[in-house]
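See structure below.
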Amino acid sequence: MTSAQIRQAFLDFFAQKGHQIVPSAPVVVKNDPTLMFTNAGMNQFKDYFLGNKTAPSPRIADTQKCLRVSGKHNDLEEVGVDTYHHTLFEMLGNWSFGNYFKKEAIEWSWELLTKVLGIPEDRMYVTVFEGDSAEGLPMDDEAAAEWRKWVAPGRILLGNKKDNFWEMGDTGPCGPCTEIHVDTRPDAERAGIDGKTLVNADHPQVIEIWNNVFIQYNRTKDGSLQPLPARHVDTGMGFERLVRVLQGKQSNYDTDVFTGTISAIEKITGNKYEGSDAGKSDIAFRVLSDHIRAVSFTIADGQLPANGGAGYVIRRILRRAVRYYFSYLEYKQPLLHQLVPVIAEQFRTVFPELDAQQAFVARVIREEEESFLRTLDKGLRRIDDLLARGRISGAEAFELNDTYGFPFDLSQLIASERGLSIDEAEFNAERKKQQERGREDRAVDASDWITVNESANNSLFVGYDSLETTANILRYRHVKAKGKESYQLVLDRTPFYAESGGQVGDTGLLLMGDQRIRILDTRKENDLIVHFAERLPEQIGGEWTAKVDGTRRTHTAVHHSATHLLHAALRLVLGTHVAQKGSLVNAEYLRFDFSHFAKMTDEEIARVEHLVNEKIRENVPVVIQQMPKEEAMKSGATALFGEKYGDTVRVVTIDPAYSVELCGGTHVGHTGELGYFKITSESSSQAGVRRVEAVCGLAAELYLNEQLRQLREIREALQPAKEPLKGIASLKEENTALGKQVEKFQQAQINALRDSLLQKQESVDGLTFIGAVVSVGSADALKKLVFDLKGALNNAAVVLAANIEGKASVAIAFDEALVSSNGYDAGALIKGTVAPLIKGGGGGQKSLATAGGQDAGNLQAVIDAVKAKL
């Protein structure tokens, strides 16, 4: 069977067992503060397990894209080194929400694996939870009894809490699990060592392929376990491992999931994949074929590479791949972007979002590759500078990793070629410090929800039709995060819009009698509408009046409707490749990020503004309808990549021929309510993405009035007042002329200073030395002076220091002959000797380097220290 046939066999099997087949959720997680990425098949069903939402069907099956490269599930460093870890992988899953339980889950698992997929029974082992006395948890006798119906007793193994008790997190739904392991070793090896001794022992050929989790408890904040009112089944089968077993391979990378990508890499690089486990070239092939999937699908789902958060994780994966092909495949130009069409075609029918954005994803990846290849070159020069000193500390190796993206093993390899080693313990200590800082930044101390009303599970949102309603508090909690405290409430009915789709959350009031509680923000946590209050009410029970700040909501709605008009106008002016990549909609302005690869011209901006304002003047009705998703997509509605939509969607239409979008936000009734639209800025957001900021309605009026006020003041300040452009041109001419005069004076001063310093040259250990504290106007002038002095002398060493506006500035230059024959290094002197004295930093080349620092009181000490070194 091909991998596509195996995937379909799984889905067809569970469809026959009454399961609804649902699409994969985006790999990028929204509205869940505990996750960056979807790292398990159950993530998109979390609200069903928590009781916040009712599942559309009691039985569901799917294949889910998962990414495990951060936090608890972090396999990144193993990926490529072994043959079975991955960053992005598919998780096949079947789910029961309060429907069937252990009997059916176990029976169907065995039926699918043995009868449908034909895995020999004598190659499989199952594990069940042995119990845990410390937790007061008994052995899972029910699962063991079910397995005994199908499996020989010697193949049913007991597993501890670590292996056979699954938990969503520190709190939440959990329960025992039963795993299925397959022994893929050749028959001769199996005869020598009993496979059951290798289960859960990290043996590369005795692997877990399926985990059936039986969710029957809830873990509270105090650590105790409480039985759930409804019991659920949550299963996950690693698709890549299953394919490996069925195709009879000893490596996931030898299956047709990866062989197409590996063949493409062979063609591009001219290297051959041998399939060995340890060779650096083979590891590089595996790293590339794995990482391109993670990077491509995550970008397609809306997460672009960035310097922080989830974007940094993607950038890190991408850079790890670049390092491998640069270092081990000897390929020095962008490679990964060439693989995007291969992945897009392979997954076109199962994950079509990549195929739909193929050109954009490839362009983003290429720009990231080009940027890092430049950084990589700088990093190699940096490591050369460090090795010239004869050592690299663990802290410096971490700097290479953190700043230039060098993995420790690459730094260690380069060092070993020079006969040097790096302190790995110190490197790990520095990395641990950074991880701890990151954990502290992300730390959230949330108490358990305190439930006031057990009968209702979720809020009913009524805010599309009303800004005020009566409501009861269903639950509340106290949360501490990043040094701040918040009080969170959930209501049974709410007019407050929760931050979503770029639109900020509503603010307003909760009122009851004399009590007046300000709502500072409203957000979604999964599908729960959470109100952030300034404090907890004195009286939780009783009926409250929930009242939204109507003025703020109106101005926000104006900007949301304007965003739809802007999106449509951009597609008309720039092309249909334009797709939304992010947005912010609030009462003050709108921000819209979109896929495009060139700066917008003034003419393009003017055309977009004209189209939007034309629609405003037409006073087009904004029509909002609920309809089945399939019907909406057939009608041509625009959906956002990376969003998870339900079976029924909300469609916002502003002229069917102009703008039809799926959207959950709030809008005006007619476009005339927007008044006037004005773009205030256009810039680059990140690789392949442009950003427009704009204002509408009252905000546009305030913006234009401010611009006119500034223009009036400029007219008054310039002469002639009625022609400010002429006045500005006159000022520029005058400024240019004065600048030239200043340059002449500065050059004359430097020439005089140079001639004076040449008279002060002395001999130090056989070379010509000039060292002095001087008075110059800029660091550039100091650097030029040092360079000129070096050029005027033979065998010269020059060090000059200056106090420039209260800051220390130092420059050192060596004759090239001293560098090449005697090993002199100005950059090393700057870092090792000068920087500590002036409380600063710097660097440069071996023949010319500079430093700057906060302490200008030690300038003469700098000269003396450098002289002493010489």
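Numbers for residues simply follow the sequence, beginning at 1.
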Could you check, using the six-membered ring where one of them is a Trp, whether [X] and [Y] have ring centers closer than 6.0 angstrom?
| X | Y | answer |
| --- | --- | --- |
| Tyr125 | His181 | no |
| Phe347 | Phe297 | yes |
| Phe97 | Phe45 | yes |

task: List the steps and the verdict of side chain to side chain contact (heavy atoms under 4.5 Å, CB included) for Thr54 and Tyr48.
output: CA-CA 6 Å; Thr54 302; Tyr48 307 152; over 6 Å; no
query: Step by step, would you call Glu90 with Arg293 a salt bridge (charged side-chain N to carboxylate O under 4.0 Å, His left out)?
result: CA-CA 11 Å; Glu90 283 187 65; Arg293 301 197 317 164; 5.2 Å; no
Please check if the number of heavy atoms outside [X] that lie under 6.0 Å from its [atom1] is greater than 12.
| X | atom1 | result |
| --- | --- | --- |
| Asp187 | CG | yes |
| Lys162 | NZ | no |
| Asp222 | CG | yes |

Heavy-atom pair with the smallest gap, counting every atom of [X] and [Y]:
| X | Y | value |
| --- | --- | --- |
| Val295 | Ile314 | CG2-O, 4.2 Å |
| Ile156 | Val128 | CG2-CG2, 4.3 Å |
| Gly175 | Val213 | O-CG1, 4.3 Å |
| Ile365 | Ser296 | CD1-OG, 3.8 Å |
| Leu11 | Ile21 | O-CD1, 3.5 Å |
| Gly195 | Asp183 | CA-OD2, 3.6 Å |

[X]/[Y] ion pair, N-O < 4.0 Å:
| X | Y | result |
| --- | --- | --- |
| Arg219 | Glu135 | yes |
| Glu107 | Lys103 | yes |
| Glu368 | Arg315 | yes |

message: Using a 6.0 Å distance limit plus a 45 degree cone around the ring axis, check whether Arg231 lies over the aromatic ring of Phe214.
response: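 No, Arg231 and Phe214 do not form such a contact.
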query: Any cation-pi pair here, Lys161 with Phe129, using under 6.0 Å and within 45°?
result: no
Note, [X] side chain near [Y] side chain (heavy atom, < 4.5 Å):
| X | Y | value |
| --- | --- | --- |
| Ile119 | Thr114 | no |
| Met139 | Pro176 | no |
| Val28 | Thr298 | yes |
| Glu266 | Phe285 | yes |
| Cys174 | Leu225 | yes |
| His86 | Tyr253 | yes |
| Val206 | Val182 | no |
| Gln5 | Leu246 | no |

Can you tell me how far apart [atom1] ([X]) and [atom2] ([Y]) are? Round to the nearest 0.5 Å.
| X | Y | atom1 | atom2 | value |
| --- | --- | --- | --- | --- |
| Leu112 | Lys17 | CG | NZ | 9.5 Å |
| Asp122 | Arg190 | CG | CZ | 4.5 Å |
| Ile6 | Leu92 | CD1 | CG | 9.5 Å |
| Arg241 | Thr184 | CZ | OG1 | 11.0 Å |
| Ile317 | Leu67 | CD1 | CG | 5.0 Å |
| Asp82 | Arg286 | CG | CZ | 8.0 Å |

Are the side chain of [X] and the backbone N or O of [Y] linked by a donor-acceptor pair below 3.5 Å?
| X | Y | result |
| --- | --- | --- |
| Asn43 | Asn39 | yes |
| Asp62 | Ser24 | no |
| Ser57 | Ile60 | no |
| Thr38 | Pro26 | yes |
| Arg7 | Thr63 | no |
| Asp290 | Thr87 | yes |
| Asp256 | Ser3 | yes |
| Gln247 | Met1 | yes |
| Glu130 | Leu158 | no |
| Arg185 | Glu189 | yes |

message: Does Lys46 form a salt bridge (charged side-chain N to carboxylate O under 4.0 Å, His left out) with Glu525? I'd like the steps, not just the answer.
response: CA-CA 11 Å; Lys46 199 169 170 180; Glu525 186 173 307; over 6 Å; no
Side-chain donor-acceptor pair present, [X], [Y], cut-off under 3.5 Å:
| X | Y | result |
| --- | --- | --- |
| Thr178 | Asn212 | no |
| Asn164 | Thr127 | yes |
| Thr83 | Asn252 | no |
| Asn271 | Ser281 | no |
| Asn99 | Arg59 | yes |

query: Would Lys102 and Asp140 count as a salt bridge (charged side-chain N to carboxylate O under 4.0 Å, His left out) if you check the C-alpha gap in whole Å, the side-chain angles of each, and the deciding distance to 0.1 Å?
result: CA-CA 10 Å; Lys102 296 179 185 179; Asp140 192 354; 2.7 Å; yes
Ring pair (Phe, Tyr, Trp, His ring centres under 6.0 Å) evaluation trace for Trp108 with Phe13: CA-CA 9 Å; Trp108 293 340; Phe13 177 83; 7.3 Å; no
query: Between Trp95 and Phe49, how do the two ring planes meet: parallel, tilted or perpendicular, split at 30° and 60°?
result: tilted
